[in-house]
Amino acid sequence: MSVYKYFERSAQVVKENATKAYNGDFMNRATEFVVASVNHKEDLARWLKGTDRDIGGFSDAWLDVTQAGHARFHGYLSQKLPEDKRFKRSGYALVRTQNPQMTVLGTDYWDSSLYRYLAVRVKADRRKYFINLKSDALIPTDIYQHLLPIRTPGRWETVIIPFNMFTLTSNSVIIASQPSMYATKMESVGFSITDRSEGPFSLEFAWIKAFNSKYTFGEAPRMPYIRGSTWKTDFDKMDKNF
């Protein structure tokens, strides 16, 4: 990261914190936080992709922007094994946001402990996808995953998953001990597909958000809703923009 980008991002973080203080939001009680979104081609620079080609496989994946201004994760999953005989399985593809940048205030992590749920505005085919979360960890391959429950294939829907329902995995293997994620130091979010089926795949998404209901504040219960308060999440409005 260039020196200019370093100070530019630092100034943005200072501005965001100053805004919270000005609004009296010292506890950062916002009802929702946009974790990731893609509306323009420039937004793709914040994302990384990978496939089994990294280990000699034959799958392909792309992330681009549709004419409607949404992200499209698509490609072809191949079950053909790499020539390296050490690998007994193949056929995966993934996209994820880049790791947070350094600023003069430290690394710009995001904090999932302030929210109860993760919401994804998505349109997918009938294949099996996972949504992945990565927090700061000693083991780089540690990923918290949850199956993306698509109920209306081919149509837009909002999928909501509680943060405490994610499962810790390493190289797609479930870890027996299941320690809690480092919620105050979240690094990235993304999608993956590894359903052992040969063929094309396509998943579109508009945004990924962390949010609270009017009854929750992270894992804690929330104070009763008072009319006019900014603590309420309007579920009806979440779907009206699509």
Side-chain angles (χ1 to χ4, degrees), residues 1-2 5-17 20 28 30 32-39 42-52 54-55 61 63 71 73 92-122 129-148 159-175 177-194 203 205-212 218-219:
M1 181 171 56
S2 68
K5 289 292 185 180
Y6 175 79
F7 284 107
E8 181 183 47
R9 180 57 189 156
S10 298
Q12 182 179 346
V13 172
V14 171
K15 179 181 178 181
E16 291 171 354
N17 290 337
K20 293 173 184 176
N28 196 9
E32 67 178 37
F33 167 71
V34 179
V35 179
S37 63
V38 176
N39 304 113
E42 293 76 11
D43 297 332
L44 298 177
R46 304 172 187 170
W47 290 77
L48 301 173
K49 65 180 180 68
T51 70
D52 55 38
D54 298 332
I55 60 169
L63 182 66
F73 169 44
Y92 71 82
L94 61 90
V95 289
R96 69 171 181 86
T97 55
Q98 294 196 43
N99 289 340
Q101 299 177 341
M102 289 290 296
T103 73
V104 294
L105 300 179
T107 304
D108 188 23
Y109 298 107
W110 59 280
D111 187 353
S112 68
S113 70
L114 302 173
Y115 306 94
R116 179 69 64 90
Y117 308 100
L118 188 74
V120 185
R121 187 63 182 174
V122 65
Y129 298 90
F130 283 89
I131 184 162
N132 308 318
L133 295 172
K134 189 175 189 314
S135 61
D136 186 33
L138 293 175
I139 303 176
T141 56
D142 280 2
I143 301 291
Y144 287 85
Q145 294 188 306
H146 196 286
L147 180 67
L148 193 64
V159 174
I160 297 175
I161 305 169
F163 278 107
N164 61 12
M165 295 299 291
F166 281 80
T167 300
L168 176 61
T169 67
S170 183
N171 292 318
S172 299
V173 177
I174 296 176
I175 304 300
S177 58
Q178 290 299 304
S180 300
M181 68 178 72
Y182 199 162
T184 58
K185 289 189 174 182
M186 301 301 295
E187 292 185 344
S188 68
V189 62
F191 303 95
S192 61
I193 177 171
T194 173
L203 178 149
F205 63 96
W207 44 253
I208 304 171
K209 295 180 180 180
F211 76 97
N212 286 305
E219 288 300 309

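None of the values given here were measured: they were computed from a predicted structure.
Between the Lys49 side chain and the Leu63 main chain, no donor and acceptor come within less than 3.5 Å of each other. A donor-acceptor pair is defined here as one N or O able to donate and one able to accept, closer than 3.5 Å; such a pair exists between the side chain of Thr97 and the backbone of Val189. A distance-only check finds no donor-acceptor pair linking the side chain of Tyr109 to the backbone of Ser135 [under 3.5 Å]. Asn212 places a side-chain N or O within 3.5 Å of a backbone atom of Arg116 that can act as its donor or acceptor partner. A donor-acceptor contact shorter than 3.5 Å is absent between the side chain of Glu187 and the backbone of Pro100. A distance-only check finds no donor-acceptor pair linking the side chain of Asn171 to the backbone of Val173 [under 3.5 Å].
For the pair Ile143 and Lys134, the minimum side-chain heavy-atom distance is below 4.5 Å. Side chains of Phe191 and Ile208 form a contact here, defined as non-hydrogen atoms less than 4.5 Å apart. Using a 4.5 Å heavy-atom cutoff, the side chains of Ile193 and Leu203 are not in contact.
Of the inter-residue distances, the one linking Gln178 atom CD with Leu168 atom CG reads 5.0 Å to the nearest 0.5 angstrom. Rounded to the nearest 0.5 angstrom, Leu133 CG and His146 NE2 are separated by 10.5 Å. Rounding to the nearest 0.5 Å gives a distance of 7.0 Å between OG of Ser37 and CZ of Arg46. Of the inter-residue distances, the one linking Asp52 atom CG with Tyr92 atom OH reads 6.0 Å to the nearest 0.5 angstrom.
Nearest heavy-atom pair across Leu118 and Phe211 is C-CE2, 4.4 Å.
Between Tyr115 and Phe33, the angle of the ring planes stays under 30°, which puts this pair in the parallel group of the 30/60° scheme.
Thr184 and Ser113 form no side-chain donor-acceptor contact under 3.5 Å, judged by distance and modelled atom types alone.
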